[in-house]
Asker: 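Got a structure here, written out as structure tokens. Questions coming.
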There are 2 protein chains.
Amino acid sequence: MLDTYAIIAEPSRRRILDRLLQSDSSVTELVEELGLSQPLISKHLRMLRESGLVRVQVKAQHRIYCLDAGPLAEIDEWLSAYRKKWNQHVDALVEHLDRRKLSKEESAK
Amino acid sequence: MLDTYAIIAEPSRRRILDRLLQSDSSVTELVEELGLSQPLISKHLRMLRESGLVRVQVKAQHRIYCLDAGPLAEIDEWLSAYRKKWNQHVDALVEHLDRRKLSKEESAK
DNA sequence: CAGTTATATAACCAAAAGGTTATAATCGCT
DNA sequence: AGCGATTATAACCTTTTGGTTATATAACTG
């Protein structure tokens, strides 16, 4: 089974998740709205189900899929160690631009 | 070229990033510390370089690689839409446990 | 200059993954 | 019971990918 990182690496699966973020959905709805073949959608949904990112509710012959964002927390945690780094980066950039702005103002006097 | 999602989907590449998070490193250091073959490390480093997650500093025959967390911000942004969802989930869980605790306390009286 | 060290790349292989087509299973409806 | 709709699965193909082995390149070292 694929881990959460591999699951969200696939663009179509991210589209499915993004769609489910809006509202629960049946398979047919996903097929129509995402423009992917039904077997492909079902295949991706199976993976999403197995990795715990979606849950199913059986309604007669329909399956209503709903999002469970829980497993994404793992990735968020992993990212947290890097968050300060790119802030650092942006901070450095902002500082750089500030200095540039300052020296421009200086030379404008 | 692989996008940032696909890049971090690979466990060995995450290990490289995690290592570079601690400090800059040469290829040989990475090979020794991660226990992967040199060509494989070089291959991963190339991908990481192409996706902008690392930068190289040439020091004679050595290449010092350093982390650039910038591209990870994209994933962080994508996750942000889901963050409220799993908080919601955790909140619901906490609430559930609270209710259980309350009813236990009730019945204990 | 010869040999050693550090790194990248090429060629190759096996396994996995995304996608398709065809088919099965299940339920509601008439 | 029979039919259409909904979903899952099986079988298959092609491309990609992680990994290995072998080789090239380049710089330091004695």
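These values consider heavy atoms only, across backbone and side chains, with no hydrogens, waters or symmetry-generated copies. On a predicted model such as this, the values are computed, not experimentally measured, just so you know. In what follows, chains carry the letters A, B, and so on, assigned in the order in which the sequence lines appear, proteins first and then strands, with residues in each chain numbered from 1.
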Asker: Between C1' on dT9(D) and NZ on Lys43(A), what's the gap in Å once rounded to a whole number?
Answerer: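 Computing the Lys43(A):NZ to dT9(D):C1' distance gives 10 Å.
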Asker: Base, sugar-phosphate, or nothing for Leu2(A), non-hydrogen atoms under 4.0 angstrom?
Answerer: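 Sugar-phosphate: the residue Leu2(A), judged by heavy atoms under 4.0 Å, touches backbone atoms but no base.
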Asker: What distance do Leu2(B) atom CG and Leu48(B) atom CG have between them, rounded to the nearest 0.5 Å?
Answerer: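 It is 10.0 Å, given to the nearest 0.5 Å.
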Asker: Taking only N and O in the side chain of Arg46(B), is any of them less than 4.0 Å away from OP1 or OP2 of dT9(C)?
Answerer: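 For dT9(C), OP1/OP2 do have a side-chain N/O of Arg46(B) under 4.0 Å.
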Asker: Is His62(B) near enough to dA26(D) that one of its side-chain N or O atoms lies under 4.0 angstrom from OP1 or OP2?
Answerer: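 The answer is no; no side-chain N or O of His62(B) sits under 4.0 Å from OP1 or OP2.
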Asker: Between dG18(C) and Arg13(A), is there an OP1 or OP2 to side-chain N/O distance shorter than 4.0 Å?
Answerer: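 So the side-chain polar atoms of Arg13(A) do come within 4.0 Å of the phosphate oxygens OP1 or OP2 of dG18(C), strictly under.
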Asker: Between atom CD1 in Ile64(A) and atom C1' in dA5(D), what is the gap in whole Å?
Answerer: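 Nearest whole value for this atom pair: 14 Å.
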Asker: For the pair made of CD in Glu50(A) and P in dT9(D), what is the distance, rounded to whole Å?
Answerer: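 For the pair Glu50(A) CD and dT9(D) P, the rounded distance is 9 Å.
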Asker: What distance do Leu34(A) atom CG and Glu29(A) atom CD have between them, rounded to the nearest 0.5 Å?
Answerer: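 That separation rounds to 10.5 Å.
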Asker: Quickly work out the Met47(B) CE to dG19(D) P distance and round it to whole Å.
Answerer: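 Atom-to-atom, Met47(B) to dG19(D), this comes out as 10 Å.
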Asker: With a 4.0 Å cut-off on heavy atoms, is Glu10(A) in touch with a base, just the backbone sugar-phosphate, or nothing at all?
Answerer: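 Touches sugar-phosphate only.
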Asker: Where each residue is assigned the nucleotide of DNA chain D containing its nearest heavy atom, which of Val56(A) and Ser12(B) is assigned the position nearer the 5′ end?
Answerer: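 Nearer the 5' end of the strand: Val56(A).
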Asker: For dT7(C), does either OP1 or OP2 sit under 4.0 Å from a side-chain N or O belonging to Ser42(B)?
Answerer: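 No, because none of the side-chain N or O atoms of Ser42(B) sits under 4.0 Å from OP1 or OP2 of dT7(C).
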Asker: Nearest of dT7(C), dT7(D), dA22(C) to any side-chain atom of Thr28(A)?
Answerer: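 Of dT7(C), dT7(D), dA22(C), dT7(D) is nearest to the side chain of Thr28(A).
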Asker: Rounded to the nearest angstrom, tell me the gap between atom CZ in Arg15(A) and atom C1' in dG19(C).
Answerer: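 Spelled out: CZ on Arg15(A) to C1' on dG19(C) is 14 Å.
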Asker: I'd like to know if Arg63(B) and Asp24(B) make a salt bridge, using a cut-off of under 4.0 Å between side-chain N and carboxylate O.
Answerer: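 Asp24(B) and Arg63(B): not salt-bridged.
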Asker: So, is Ser37(B) near the phosphate of dG19(D), with a side-chain N or O under 4.0 Å from OP1 or OP2?
Answerer: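 For dG19(D), neither OP1 nor OP2 has a side-chain N or O of Ser37(B) closer than 4.0 Å.
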Asker: How many Å lie between CG on Leu36(A) and P on dT7(D), as a whole number?
Answerer: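 Atom CG in Leu36(A) sits about 15 Å away from atom P in dT7(D).
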Asker: Could you tell me the separation between the CG atom of Leu40(B) and the C1' atom of dG19(D), rounded to a whole number of Å?
Answerer: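 Atom-to-atom, Leu40(B) to dG19(D), this comes out as 6 Å.
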Asker: Looking at dA6(C), I'd like to know if its phosphate oxygens (OP1 or OP2) sit under 4.0 Å from a side-chain N or O belonging to Tyr65(B).
Answerer: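 Answer no for this pair, as no side-chain N or O of Tyr65(B) is under 4.0 Å from OP1 or OP2.
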Asker: So if I take every side-chain heavy atom of Arg63(B) and compare against dA27(D), dT7(C), dG18(D), which nucleotide ends up nearest?
Answerer: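 Taking heavy atoms from C-beta onward, the closest nucleotide is dT7(C).
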Asker: If you round to the nearest 0.5 Å, how far is NE2 of His44(B) from CZ of Arg15(B)?
Answerer: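 Going from CZ on Arg15(B) over to NE2 on His44(B), the span is 10.0 Å.
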Asker: Atom NZ of Lys59(A) and atom P of dT7(D): how far apart are they, to the nearest Å?
Answerer: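 For the pair Lys59(A) NZ and dT7(D) P, the rounded distance is 12 Å.
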Asker: Kindly compute the distance separating OG (Ser26(A)) from CD (Glu32(A)), expressed to the nearest 0.5 Å.
Answerer: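 Rounded to the nearest 0.5 Å, the OG-CD separation comes to 7.5 Å.
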Asker: Of all the nucleotides listed (dT7(C), dA8(D), dA22(D)), which has the minimum atom distance to the side chain of Gln38(A)?
Answerer: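 Looking only at heavy atoms from C-beta outward on Gln38(A), the closest nucleotide is dA8(D).
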